[in-house]
Every structure is written in C-alpha cells, then in structure tokens.
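Accompanying notes for the structure given below.
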Amino acid sequence: MRIPRHLAIIMDGNGRWARQKSQPRVFGHRQGVETVRRVVEECSRLEVEYLTLYAFSYENWGRPDEEISALMELLTAYLKKELETMLSNSIRFNVIGDIERLPTSVRRMLTDTIKRTERNSGMTLTLALSYGSRDEITRAMRKIARRVADGEISADAITESMIDEHLDTAMLPEPDLLIRTSGEMRISNFLLWQMAYTELYFTHTLWPDFDHQHLHDAFRAFGRRRRRFGLTDEQRSGDFDE
Ligand code: FPP
C-alpha cells in the first residue's frame, strides 16, 4: 500500500444509502459525517499530509432549503465536536471555496477552527465548501486581471505558477490520488486545474459504508499505478512500488 501525500475525496452516495434504508436524505448525511471522522483519523494515523474533502459544492446551493440547512448544521456540529480530535492529532484545518456565501455563524466557526489549529504540524484537513473549480478559477483570473489592469504585472508575466498562487489551493500541493465513492465516474467541478496528473480511483461503495478496508484498497491500487507525468517509463524508473 502506498500512502498518497495529498488525498482528495468526492464523498458521494449519502442520499442513495438513505433511500436504500427508506430513510430521509439527512439520515445518509448524518452517517456520512461518521465516515468523515473515520477517514480523517485513519489518514492522520497513516501520515497522509493533506486530505481534501468535497463537502459542499457550488452546485449544491440548488438543493432544497431544508437539506442545505441540515448540511450546515451537521458541519457546525462536526467542527464543534472534532476540534478536540484535531488538536490531539495535530491536524491543521483549512477551507477552500466561496465561503462568503455561507451563513455567518458557519463562517465564524470555520475561521475559529482555522485559527485554533493553525500552529498544528500534522495532516492538513481541507474542506471544500461552496466550492466549484470553475468559480475558483474565475475568481483567480479576476485577481490576476486586476493586477494587470493596475500595471503591476504585464500580461506576458502570467505563468502557471502565478495562477497556482491565486487559487484557493495556493498552500496545497497537487492531489496525488482522488477517490470518488458511489460508482459515479465524474470529477464534478472539483479541483480541475489541480488534478491534471492525479490518479483517479472510483469505487461503488456508498460514502456512509466507506471504511478503513476500502481506504486501504484505494491506497493499494494507487501503489500499483505507474505515474509518468508525461515522461517515459525509463525516465521514471525507481518511482514505482513493484
Ligand atoms: C453526496 O451525497 C454528499 C454530499 C453532497 C455532501 C457530503 C457531506 C457529508 C459527508 C456530511 C457533511 C460533511 C462534513 C465534513 C461535516 P449525495 O447527497 O449527493 O448522495 P446521492 O448522490 O446518493 O444523492
């Protein structure tokens, strides 16, 4: 099994898991939070350096109001309850996305958690909230365009690394592995720029059922991948587990 330095996860299938049990969708989200706890602790134990979870997408704002409120409540309760775990495991908490759109109480809670964990030196846990990759790239482009318009930089000075630095993920390395649960094989507007060379892993397991064993399976599959980054096998030899 190979541990990715940066693991990104699209946590999908809470609604279907609840439906299978003839329960409301929020029942699935509640169980989904339990999976978040499990996965965060296991990744921290395995010394994953960066874990990024897609918790609420820009498009999720279109869901029914009561589901949005339930997700916000779950998020607040999660942050309140998990602060202790973050502190005892030295986890640094972080957020990406258009957080201005989140309710003030949630924003306050997020800022507080970021502040209280900022000196931790273990795994960086990033929640993508109100996050859409195209929205993030658009916001970054606006910032760069303003610098050009102000005469601070010339258009020719724009480089890939400058774009990196203007994204919400400026402080994160690129993901090495993406896991998406529930059998859907899409990226759904998640980290589009950052995942140019990320290994993709799809599993049919629904998020509430995703356990340590499923996580280890994904890491084993990752260990068998040949990451060439556009180069030849010979140039990259020595980089593989086998
Ligand atoms: C996808 O399931 C999941 C979400 C839209 C939200 C993920 C949220 C959680 C796991 C809980 C809150 C998170 C934290 C960190 C406290 P879906 O509803 O799209 O499932 P479906 O595709 O089966 O309908």
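Counting starts at 1 for both ligands and their atoms, in listed order. The chain is numbered in sequence order, starting from 1.
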Side-chain donor-acceptor pair present, Asp217, His214, cut-off under 3.5 Å: no
With respect to Tyr78, determine whether any N or O atom, backbone or side chain, lies less than 3.5 Å from an N or O atom of ligand 1. no
For the backbone of Thr85 and the side chain of Asn89, can you confirm whether one donor and one acceptor N or O come within less than 3.5 Å of each other? yes
Taking Asp176's backbone N and O only, do any of them form a donor-acceptor pair with His6's side chain (distance below 3.5 Å, no angle check)? no
Side-chain donor-acceptor pair present, Asn189, Glu59, cut-off under 3.5 Å: yes
Distance-only donor-acceptor check, side chains Arg180 and Thr203, under 3.5 Å: no
Residue among Leu206, Ile179, Leu53, Thr35 satisfying side chain to side chain contact (heavy atoms under 4.5 Å, CB included) with Met11: Leu53
Report the part of Arg63 in contact with ligand 1, treating N, CA, C, O as backbone and CB onward as side chain, heavy atoms under 4.0 Å; options are side chain, backbone, both, neither. side chain
Considering only non-hydrogen protein atoms, determine which one is nearest to atom 20 (O) of ligand 1 and report residue, atom name and distance to 0.1 Å. Gly15 N, 3.0 Å
Atom 10 (C) of ligand 1: the protein heavy-atom neighbour that sits closest, reported with distance to 0.1 Å: Asn14 ND2, 3.5 Å
So which heavy atom in the protein is nearest atom 17 (P) of ligand 1, and how far is it from that ligand atom? Arg25 NH2, 3.7 Å
Only one of Tyr54, Tyr58, Phe56 passes ring-ring contact (aromatic ring centres under 6.0 Å, His included) with Phe190; say which it is. Tyr54
With a 4.0 Å heavy-atom cut-off (strictly under), which part of Trp207 contacts ligand 1: side chain, backbone, both or neither? side chain
Shortest protein contact, atom 11 (C) of ligand 1 (heavy atom only): Val33 CG2, 3.7 Å
Atom 3 (C) of ligand 1: nearest protein contact (heavy atom, Å): Met11 O, 3.1 Å
Verify whether one side chain among Arg147 and His166 offers a donor that lies under 3.5 Å from an acceptor in the other. yes
Is the shortest N/O to N/O distance between Arg16 and ligand 1 below 3.5 Å? yes
For His29, the ligand 1 atoms whose distance to one of its heavy atoms is below 4.0 Å: 11 (C), 18 (O)
Tyr54 N/O to ligand 1 N/O under 3.5 Å: no
Short list, please: which atoms of ligand 1 are under 4.0 Å from a heavy atom of Asn60? 5 (C)
So, Ser182 versus Trp207: side-chain donor-acceptor pair below 3.5 Å or not? no
Considering only protein heavy atoms, which is closest to atom 6 (C) of ligand 1, and at what distance to one decimal place? Ala55 O, 3.3 Å
